[in-house]
Each structure stands twice: as structure tokens, then as C-alpha cells.
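The next block holds one structure in the form of C-alpha cells; read it before the comments.
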Number of protein chains: 2
Amino acid sequence: MATRQVTVKDIAGRLRLHYTTVSKALRDHPDISPATKRRVLALAEELDYHPNSIAKNLKNQSTHTLGVIVPSIKNDFFSAVISGIEEVAYGREFNTVVCQSNESAEREAIHLRTLISNRVAGVLVSVAQTTTSGSGFRALQRQGIPLVFFDRVYDDIEADHVVVDDIGGARRVVEHLIERGYRTIAHAAGPPNTSIGRDRCRGYLDALKAHGLDGDEKWIVHGGFEEADGTAALGAFRSRGSMPDAIFAVNDPVARGIHAEVKRNGLAIPRDVAVAGFGDNRLSAYLDPPLTTVSQSPYEIGKTAAAMLLRRIDEPSHKCLCETEVIPTQLIVRKST
Amino acid sequence: MATRQVTVKDIAGRLRLHYTTVSKALRDHPDISPATKRRVLALAEELDYHPNSIAKNLKNQSTHTLGVIVPSIKNDFFSAVISGIEEVAYGREFNTVVCQSNESAEREAIHLRTLISNRVAGVLVSVAQTTTSGSGFRALQRQGIPLVFFDRVYDDIEADHVVVDDIGGARRVVEHLIERGYRTIAHAAGPPNTSIGRDRCRGYLDALKAHGLDGDEKWIVHGGFEEADGTAALGAFRSRGSMPDAIFAVNDPVARGIHAEVKRNGLAIPRDVAVAGFGDNRLSAYLDPPLTTVSQSPYEIGKTAAAMLLRRIDEPSHKCLCETEVIPTQLIVRKST
DNA sequence: CTGAAAGCGCTAACAG
DNA sequence: CTGTTAGCGCTTTCAG
């Protein structure tokens, strides 16, 4: 079993060649005669040779690996983004290592450190909810490792971004609520330290303002990104006295929490309260009534982000003329509004 | 930016120490005096030193990395398994690299190769649907890299397994159908070259037999694991003349395809046809009517599989006294039956 | 076309 | 306690 793994030297020895010759032959270097190449290749196959990329990477001072950090892969959105990233990476013969932060800033930092230690060629991050310091990202950049943020951005860092049009998407869905005739529109907002939390709230306020409805602070509740936060948000609205006509939630899970809690309170959707989300999770189409939401093409986001990162890797020259790609969103109207 | 990364030598130079001394200091080796350690640590911090794990791995001839290959991470089941794996790996300071085969045997083989080349410490695989050769797995084992299969097993390979009790779970759900009074029970089966396809079919047949119902070949249709396969299966049953009372699908997506198609045909669930699945996907609870299914604790599977693998890594001695862990399943009765 | 020598960054064994 | 030497497997440069 643990028979030492085959190296270029082993195959060189058998062939009475120098091991550098073998190394060149394996990489199809023009120096080497076709005949030798054939012999080398044949023996490599026979001996079950597998090149050691660790040694190769050490020598070359580079890896063909991209690091990806997401809050959680069990989340339609992120897993679709990852697929997009992998698709692009795969086409360029890059590997991908996926890490989950579980929304913990600490784990995120640890992952960042091991990615640095493993000298990945570049990193894609969607920031954890609890991250309040950019030092891990800065460390990455000090090592000259390109960084691209997607979806959840850390603002104080100069880096490329790929985001969805959160403001526009939020504005659009709130306008839709207004058009439908709802007037008291509440917002179950995300954590204010996240870009998407802030931007979606901004879009909400913009829409109200544009239509002459004033955004009353009382109709905004800040929470996290989970179903439980939706449940809590509804409780908060109820405790503030009267219920709103409609609630726009920062994302689909929160909307789902509200959706369930509204029904649990014996109210009808959308008759008593309309509910809208953001993100178009798979599940949302299956709720009863199905959820009105905003679709953000996650697969596109992943492909775009990976492409940006690879561009940086290819041309490390460009100083930070950071770019931001905004992926458009699409309103998906269903029965909940 | 691309200022060469800091190495032990750099910090040794500044401190007028030998670089091996620094290396030891950094790893808190007992040889080194506390005073020196402090100086080294302080300067390492100041210079923003990050150990190069590539070099370390090359030297040590080992990595702290586990490879995981799954068909697709955008699948509740697999993403939960991965979380379980990561949890255990993380606790032992192992990294995890996740690869998706997209059900393609070819991609699976490529991933296997790069995992070998990267000298991962061990590999966890859930086999792609189209895999018909075990040569990639055998190559892995020839390199002395421990392998654990979970959920979808490749039979011809001697390796540890973690599977759910597919036969028992299938038998249980079919018995439930029988108890409910259904008599003509069809099975939308999986590909016969997959272990879960075969085992769930076996459980189905066992249950029928135990209750004196004969398994008529006509009520079994083989297909894949996707929603579309469910749609197709229903078409097949209809074309065979009369409809069954109840259909047990190899997994939840297939059940969902059937569920939707039944409703599209204007039939009522469960009045006209009962539908049951396997896997307890998140979505299944949200269908109308919600789907009766079998829960297989994916998080447990992941933890168990990772623990088995780590045990192999710790003690490479054990020749292949391969073990199989069977994780119990649980019947989840909902309104669709 | 093939061979020799050097070195990537780190660790382990041994000497001082 | 600190330094020396050697080497992990590979690639690169320069000679033959």
C-alpha cells in the first residue's frame, strides 16, 4: 500500500535517463525527441505516475487554485454562484476550494489565513454577517493575492465587486407593492453592517419617497437573514400597534418566516398582509401562496466574479482600478402580493 | 504588491539567527528559549509572515486536506453531508476541498486525478450516476490514499462505506402505503447501476412480497434522479394502461416530478394516486399536498464518513477490513399518501 | 537532444 | 539552546 509514490526519478532510473529529461518529456518540452517522450510516457503510465503538484507549485511559486468563501453552501443562491465559479475555473484549468464561514467572522478569518498559507492564486468572498473588520482581507491583499467580493461586499476594502442591483431590485418590488395599492409598507431589514442590508433598505426608502409615501422608522425592523428573523420581525410589527398592509423582507428566508407567522396568526396573504422577498429561492415558488420576489442570477454572478478574478490573476499589473459589475435583477410577481 | 512573500529566512536575517531556529521558534519547539520565541513571533507578526503550507506539505510528505466529490452541491442532501464532513474535519484541523462531478464520470475522474496530484490525505466520494468504471478509485488506493464512499457506493471497490438504510427505508415507506390500503403500488426506480437505485427497488419488492402482493414488472420504471425522470415515469405508467394507486419514487426530485405531473393531469393526490419519495428534501414539505418521504440524516452521514476517513488516515496500518456504517432512516408521513 | 546544478520554503537529524 | 546539513519533487538555466 504505502509503497512510496512514483517520482520522475523512478522512471528516469528505469530508463537510464536523467530525471530532468523525464520531467521535460512529461511536459512535452520541445527539447526532447519524440522517441524518448513515447518511452517516458509509456513507463509513466505503467508505473502509475502522478505528478506531485505540491512540488510543482512550490517550484513555480504559484498554484492553479481559487479560494471561495461563502457563508453557507446549503443555500440555493450560494451553491448556484459556486457552480458558476467552478464552471469558469474548470475551463481555465483552475481548481476551486470552497470554504464555509457559517456567518462567523472568526471562521472566515481562519479560512482566509489557510488560503494565504496555501498560496491560492485568488480569492472570492461573500462576507459573513458578523464580519466587522477588514484585516483578513487586507492581509490577503498584502500578499498580492487578488480578491473579488460578490454579493456581500466589505466596503472599506478596495477590491473588485460583483453585486446584484440591490437598490434597483428593492425599489422595483416596493414600487410593485405601491402599484398594487398597498400603502403602509413595512420592511424587515437585514443587518445594517451588510451591504445588501443597507442597499435593499435604501431601495425600499427610495421607492416610498418617489411615490410620496414617507418612510416611517416605525415600519423598519432590523434583523438577520434567517427565517427566525422573519418571525421576530412580524412580532415587532404587531407590538407596534397596527399591522402594515404589506411587508418587504430583505431576503426570501426572512419572507418565509413572515409568511408562516402571518398564517399562524390567522391572517390571509395577500388579503390582510402582502409579503414579498428578495432572492428567488427555490422554495419560494412552492409556498402557498407562492412568494413574490426578486431574482438575481446567481450562476451569472459566479461566472462574472470568477472571470474578473482570473483577469486580475492574468494581469497583476493593473493597480487597483477596482471595478464593480452590477448584475441586473428581475421582479418575479407571484400570488403573495 | 508583489513584494516577494516573507519567509523564515527574512525574519532570521533581521534577527541575526539561523532560519532553522526561526522555524522551530514558530512551531513552539522546546529547544528554543522563550526570549527568542517572543522576538521571532513579534517580528513574524510585524513582517506579516504567513507560513507556506506548500513547502511544509512537500517536506512532510503529507497534507491536512480531505477531498470530497459529490454529484452536485446544490442539493440539500449533499450540502448537508458536506457540512457534517467539514465540521469533523475542522475540529481536527483538516481542510476540505469540495469538487462537483455534475454526475459526469469524466469530471469525477479528473477530480480524482487532481486530488491525487495534490496528495490529499483522504477522499470521500458519492459516486456519479454515469460512473461505470472503478479505475479512478483504484488509482487512488494504489497511491495509498484512503477512500470512503458515502450514500452512492461503487461496489467493485473495497473501501469503507457510509450508507443509509436504503432497503429498510424503502420497505418502510412501501409498507406504510400498504397499511394505508393502497394495493397497486408502482415504483419510479433509479438507474440500476447505482447502489441506491438497486437497494430502494429491493426494499420496494421486499415489502410487496412480505404482504403477499406480487411485484409486477410492469409497475417498475427505471430512470434517473431528476424531476424530469418523474414526469417521464408517470408518462410510462399511463401508457401501460391503467394507473397505479400509489407511486413510490426513488427520491424526492423524482417524486416531485410525478407530483406535478399528476396534478397537471387533473388527478388528486392522494385520492387518485398517492405519491411518496425518499430523501426528505427541504422542498418536499412545502408541496401541496406535502410529500410523504424518508429522512436520511445527511449531517450524520457526513460526520460519520469523515470520522471513518480520519481513522484510516490516523492508522494506515489496517489492511482493508472494510467497514460499512448504516445510518438509520426515518419515515416522514405527510399528506401525499 | 540530454545532462548537471541550483533552488523553491520548510523540517528533521545531528553537531556544536 | 542555536547552527549545520541535507533533502522533499519538481523546474529552470546553462553546459555538454
Side-chain angles (χ1 to χ4, degrees), chain A residues 2-41 43-44 47-65 114 116-121 143-144, chain B residues 2-41 43-44 47-65 114 116-121 143-144:
Chain A
T3 57
R4 216 184 73 278
Q5 312 197 321
V6 180
T7 75
V8 275
K9 283 185 189 165
D10 299 318
I11 101 153
R14 294 256 218 146
L15 253 30
R16 313 185 147 282
L17 286 171
H18 194 85
Y19 63 88
T20 57
T21 310
V22 172
S23 167
K24 287 180 188 165
L26 287 169
R27 274 168 307 125
D28 201 25
H29 193 288
D31 268 4
I32 309 299
S33 76
T36 327
K37 280 184 190 164
R38 265 197 305 281
R39 292 204 304 148
V40 169
L41 254 22
L43 189 59
L47 294 186
D48 203 26
Y49 170 79
H50 291 264
N52 183 330
S53 349
I54 300 176
K56 181 174 159 167
N57 291 338
L58 177 60
K59 179 65 201 178
N60 294 345
Q61 297 288 51
S62 79
T63 58
H64 257 193
T65 303
T114 74
I116 292 177
S117 277
N118 285 298
R119 302 297 191 260
V120 294
Q143 304 301 315
Chain B
T3 58
R4 214 186 76 277
Q5 312 197 320
V6 179
T7 74
V8 276
K9 284 185 188 164
D10 298 317
I11 98 154
R14 296 257 217 144
L15 254 29
R16 314 184 147 282
L17 285 171
H18 195 85
Y19 62 91
T20 56
T21 308
V22 171
S23 167
K24 286 181 189 166
L26 288 169
R27 274 170 305 124
D28 201 23
H29 192 287
D31 268 5
I32 308 298
S33 77
T36 323
K37 279 183 190 165
R38 265 197 306 279
R39 291 203 304 149
V40 169
L41 253 24
L43 188 59
L47 294 185
D48 203 26
Y49 169 78
H50 291 264
N52 183 330
S53 351
I54 301 176
K56 181 176 161 166
N57 292 337
L58 177 60
K59 177 65 199 177
N60 294 345
Q61 298 287 45
S62 79
T63 59
H64 258 194
T65 304
T114 74
I116 292 177
S117 277
N118 284 299
R119 303 296 191 260
V120 293
Q143 304 301 314

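Below, chain A is the first sequence line, B the second, and so on; all start at residue 1. Given the structure is predicted, the values throughout are model-derived calculations rather than measurements.
- Nucleic acid contact for B:L17: sugar-phosphate only, since backbone atoms but no base atoms lie under 4.0 Å from a heavy atom of the residue.
- Taking A:L41 as the reference, A:L26 meet the side-chain contact (heavy atoms from CB on, under 4.5 Å) condition, with sequence neighbours excluded.
- C:dC10 atom P lies 13 Å from atom NE2 of B:H18, rounded to whole Å.
- A:R39 has its side chain within reach of A:L15: a pair of non-hydrogen atoms, C-beta onward, lies under 4.5 Å apart.
- Whole-Å rounding puts the B:K37 NZ to D:dC1 P distance at 9 Å.
- Between B:N118 and B:T63, the shortest heavy-atom distance links the atoms O-CG2, 3.8 Å.
- Qualifying ring-ring contact (aromatic ring centres under 6.0 Å, His included) partners for A:H50, counting only residues two or more places apart in sequence or in other chains: none.
- Rounded to an integer number of Å, the gap from CD1 of A:I32 to P of C:dG3 is 8 Å.
- Looking at residues two or more places apart in sequence or on another chain, you find a side-chain contact (heavy atoms from CB on, under 4.5 Å) between B:S23 and B:V8, B:R27.
- In this structure, CG of B:D10 is placed 13 Å from C1' of C:dC10, rounded to the nearest angstrom.
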Contact letters for nucleotides 10-16 of chain D, in which S counts primed atoms plus P, OP1 and OP2 and B counts the base, heavy atoms under 4.0 Å
BBBB---
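- For the pair B:I54 CD1 and C:dC8 C1', the interatomic distance rounds to 10 Å; values are reported in whole Å.
- Sorted by first and then second residue, the salt bridge (charged side-chain N to carboxylate O under 4.0 Å, His left out) pairs with a member in residues 47-61 of chain B read A:R142-B:D48; sequence neighbours excluded.
- As a whole-Å value, the separation of A:R38 CZ from C:dC1 P is 12 Å.
- Rounded to whole angstrom, the span from the CG atom of B:L15 across to the C1' atom of D:dC1 amounts to 15 Å.
- Stem analysis of DNA chain D (Watson-Crick or G-U pairs, both distances under 3.5 Å, runs of at least three) returns C:1-16 with D:1-16.
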